[in-house]
Amino acid sequence: MTAVEQRFREFKMPDVGEGLTEAEILKWFVAPGDTVTDGQVVCEVETAKAAVELPIPFDGVVHEVRFDEGTTVDVGTPIISVDTDPGAGEVAPQAAPAAGKPAEEPAAEAEPAEKEGRQANLVGYGAAPASTKRRPRKPLPGPQRSAPAPSAGASAPQEPAPAPARPEAAPAPSPELNGSGRPARPLAKPPVRKLAKDLGIDLEAVTPSGPDGIITREDVHAAAEAVQTARETPVAAPSRAVEGRERRVPVKGVRKATAQAMVNSAFTAPHVTEFVTVDVTRTMKLVADLKQDPAMAGLRVNPLLLVAKALLVAIRRNPDVNATWDEDNQEIVYKDYVNLGIAAATPRGLIVPNIKDAHAKTLPELASALGGLVTTAREGKTTPAEMSGGTVTITNVGVFGIDAGTPILNPGESAILAFGAVKLQPWVHKGEVKPRQVTTLALSFDHRLVDGELGSKVLADVAAVLERPKRLITWA
C-alpha cells in the first residue's frame, strides 16, 4: 500500500445482514471537510431487512462522499473516503509523485505534475500504448523534429512549457473533438463511467458540467432522472386533470425484500389454512386482572401476550410443528427452541422480528420482550439479527378490525397464526345464548412437514388455552 493509499482510506459498504448484496443510503450525517473519529456514525442505510447506522472505523477528515442519499449501493463498494493525515497538505490521491523522482520525471505509473493551463489526463485519454514504458523528458531548447500525428483516442502532444512570466501564452491542449464540437469520447473518471453503466446511461448523451468538459456524477444522475421522468410521463396526456392522480414509488428496501420473500414462500411451500372461532371471554378478564398485578407493573399487557403464550404451550404439546424443510439436503429439521416472530407494520413495510428463546420466558419476561420488539420496530431500529432465525410467527390482524385471514408463511418457518379481532357476539354459553367476547384464529402451515392432524391439534390447543386460560397452569 502506497503512502497516498494509506493517507486516503476508503470505507466500503459492509454486509450488515446475512449475505445481503446491496443497501440504500438513506441519510448522510457528514459532508466533505468534516472531521470524523473511529466509531462515529457517518450514514444510515436501509437493507432488505432493516435500517442500520454505519460507524466509520478510522479517524480523519472526510475527503469525498461517493454517493447521494437515495442511491442503492452494492456491498463492497467504497462509499466515502477519508484523509487520515489532513496536516500533510493538499495532495490529490491520484497525483502524488513517486518518492525520489524529480518533478520533471515522474514515476511511470503516476500522472505528470500539472502545469499552469494544462488539463489533467483521464484514464483512457493518456499516451498511446507504445509510450507506456517511460514518459519522454521535457524537450530541450532548440529546434526539434516534428512529432508524428497521434493515433485515434490518444492525447495530442503537449507543447513546451511556456515561460513562467506568461503562462497564458500556451493554451491547454484539448481532446480530439467530433463533428459536433464535443470530445470524440466523453471525458469521465472510471467511477463515473461505472455509475453510468449501472444506471444504463449513454455518456455521449450526457451534457458535461465539470471543468474542461468532464462529466461528473451529478451529470449522470441528472441524465438518469431525465430518462426516468420521460418513462413515467405519458406520451400524450389527455388533459391537465390527470395530473397528481397517480404516484410511482420505486420498489426497494424492506418492501422489495418482503415482496420477494412472500412470492417465494407462496410458490415454494404448499400452504394449508385452518380456522377456529373461540370464546375468549375468560382470557379478556385475565388480561384485565394482569394489568392490576404488581408483577406486571410497567409492562404492556394485552390479548396478544396471552395468544403468544397459548401458542408456545401448543408448540410444547406438539413439538413437531416447530420445524423447517431443508430442500438442499432433503431433510426436516426439528427445533427444540422457539424464536417467536411477531409481524409488525412499519413505515418502511412489514417486518417480522422475533423473540429469541421465547419458549423459556416467563409471562413477565415475554411481555417485556414483546413490548420492546414492537417499539423498536415502529421506530425503525430493528436490526437484521432480530429478524433472522425465526421458527413460528403470529400476525395480529385484529388490530385493524379484521376477523380472519389466510396468512403466508414467513420463509423458512413451518407455521403462522393469525389472531383476529375480539368482538362481542351472541354465543351459546352453559346452554343459553349470551353476549360473549369471541375471536377467530387462523393457522397456516407448510403441508410438506405438517399434516392436517398435527396442524389441527396445534390450532385446537391454542383455542383451548384462550377459552380456559387456567390451562396455562395445568398444561405447563
Side-chain angles (χ1 to χ4, degrees), residues 49 254 257-278 303-325 332-335 337-346 349-356 358-359 366 369-370 373-374 377 382 386-400 402-421 439-463 465-466:
K49 295 185 176 181
V254 173
T258 301
Q260 186 60 51
M262 292 300 98
V263 171
N264 292 342
S265 177
F267 291 98
T268 301
H271 285 56
V272 172
T273 304
E274 295 184 339
F275 301 85
V276 64
T277 302
V278 57
L304 179 61
L305 171 62
L306 294 186
V307 171
K309 194 64 176 178
L311 179 57
L312 293 171
V313 170
I315 294 173
R316 185 169 66 246
R317 288 168 54 86
N318 305 275
D320 286 355
V321 75
N322 189 37
T324 297
W325 182 273
I332 297 175
V333 182
Y334 294 101
K335 301 179 180 180
Y337 61 91
V338 180
N339 291 343
L340 182 62
I342 304 294
T346 72
L350 181 71
I351 63 174
V352 188
N354 59 78
I355 301 171
K356 301 294 192 270
H359 66 285
L366 187 63
L370 185 59
L373 178 149
V374 173
T382 304
E386 292 173 320
M387 290 187 287
S388 62
T391 61
V392 177
T393 292
I394 296 176
T395 176
N396 185 8
V397 298
V399 295
F400 306 108
I402 302 302
D403 294 331
T406 55
I408 297 178
L409 293 169
N410 203 30
E413 299 181 9
S414 59
I416 179 171
L417 178 70
F419 173 35
T439 190
T440 298
L441 305 172
L443 182 72
S444 291
F445 49 87
D446 185 343
H447 213 359
R448 294 175 299 178
L449 49 87
V450 179
D451 58 25
E453 179 185 10
L454 177 58
S456 299
K457 285 182 177 179
V458 172
L459 185 58
D461 281 354
V462 174
V465 171
L466 294 178

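From L311, atom CG reaches atom CG of L443 across 8.0 Å, with rounding to the nearest 0.5 Å. For the atom pair CD1 of I351 and OG1 of T382, the computed distance is 3.5 Å after rounding to the nearest 0.5 Å.
For the pair I416 and I408, the minimum side-chain heavy-atom distance is 4.5 Å or more. The shortest distance between side-chain heavy atoms of H359 and I315 does not fall below 4.5 Å. Contact check for L366 versus L312: side-chain heavy atoms found under the 4.5 Å cut-off. D446 places a side-chain heavy atom less than 4.5 Å from the side chain of P270. Proximity of L417 to L459: side-chain heavy atoms (C-beta onward) are separated by under 4.5 Å at one or more points. L409 places a side-chain heavy atom less than 4.5 Å from the side chain of H271. Using a 4.5 Å heavy-atom threshold, the side chains of F419 and L441 count as touching.
For N354, the side-chain contact (heavy atoms from CB on, under 4.5 Å) partners are N339, K356, not counting sequence neighbours. Under the side-chain hydrogen bond (donor to acceptor under 3.5 Å, both in side chains) criterion, T406 pairs with no residue at all, not counting sequence neighbours. In this structure, A460 has no side-chain contact (heavy atoms from CB on, under 4.5 Å) partners at least two apart in sequence or on a different chain. Applying the side-chain hydrogen bond (donor to acceptor under 3.5 Å, both in side chains) criterion to S444, with sequence neighbours excluded, gives T273. Remark: D403 pairs with K423 by the side-chain hydrogen bond (donor to acceptor under 3.5 Å, both in side chains) rule, at least two apart or across chains. Scored by the salt bridge (Lys or Arg N to Asp or Glu O under 4.0 Å) test, K457 finds E453 as partners (sequence neighbours excluded). Shown here are the side-chain contact (heavy atoms from CB on, under 4.5 Å) partners of I402, two or more places apart in sequence or in another chain: V397, F400. A search for salt bridge (Lys or Arg N to Asp or Glu O under 4.0 Å) contacts involving R316 returns nothing, not counting sequence neighbours. For T393, the side-chain hydrogen bond (donor to acceptor under 3.5 Å, both in side chains) partners two or more places apart in sequence, or in a different chain, are E413. Under the side-chain contact (heavy atoms from CB on, under 4.5 Å) criterion, D461 pairs with A314, R317, N318, W475, not counting sequence neighbours.
Here the shortest heavy-atom pairing between G405 and A442 reads O-CB, 3.2 Å. Considering every non-hydrogen atom in both V278 and A463, the closest pair reads CG2-O, 3.4 Å. The two residues A421 and T439 have their closest heavy-atom pair at O-OG1, 3.3 Å. Residue A323 comes nearest to I332 through the heavy atom pair CB-CG2, 4.0 Å, listed as atom of the first residue, atom of the second, then distance.
Residue pairs satisfying the salt bridge (charged side-chain N to carboxylate O under 4.0 Å, His left out) criterion with at least one member in residues 337-346, sequence neighbours excluded, are absent.
Between the side chain of H447 and the backbone N or O of V272 there is no donor-acceptor pair closer than 3.5 Å. Within the 3.5 Å criterion, the main-chain N or O of G412 finds a donor-acceptor partner in the side chain of T324.
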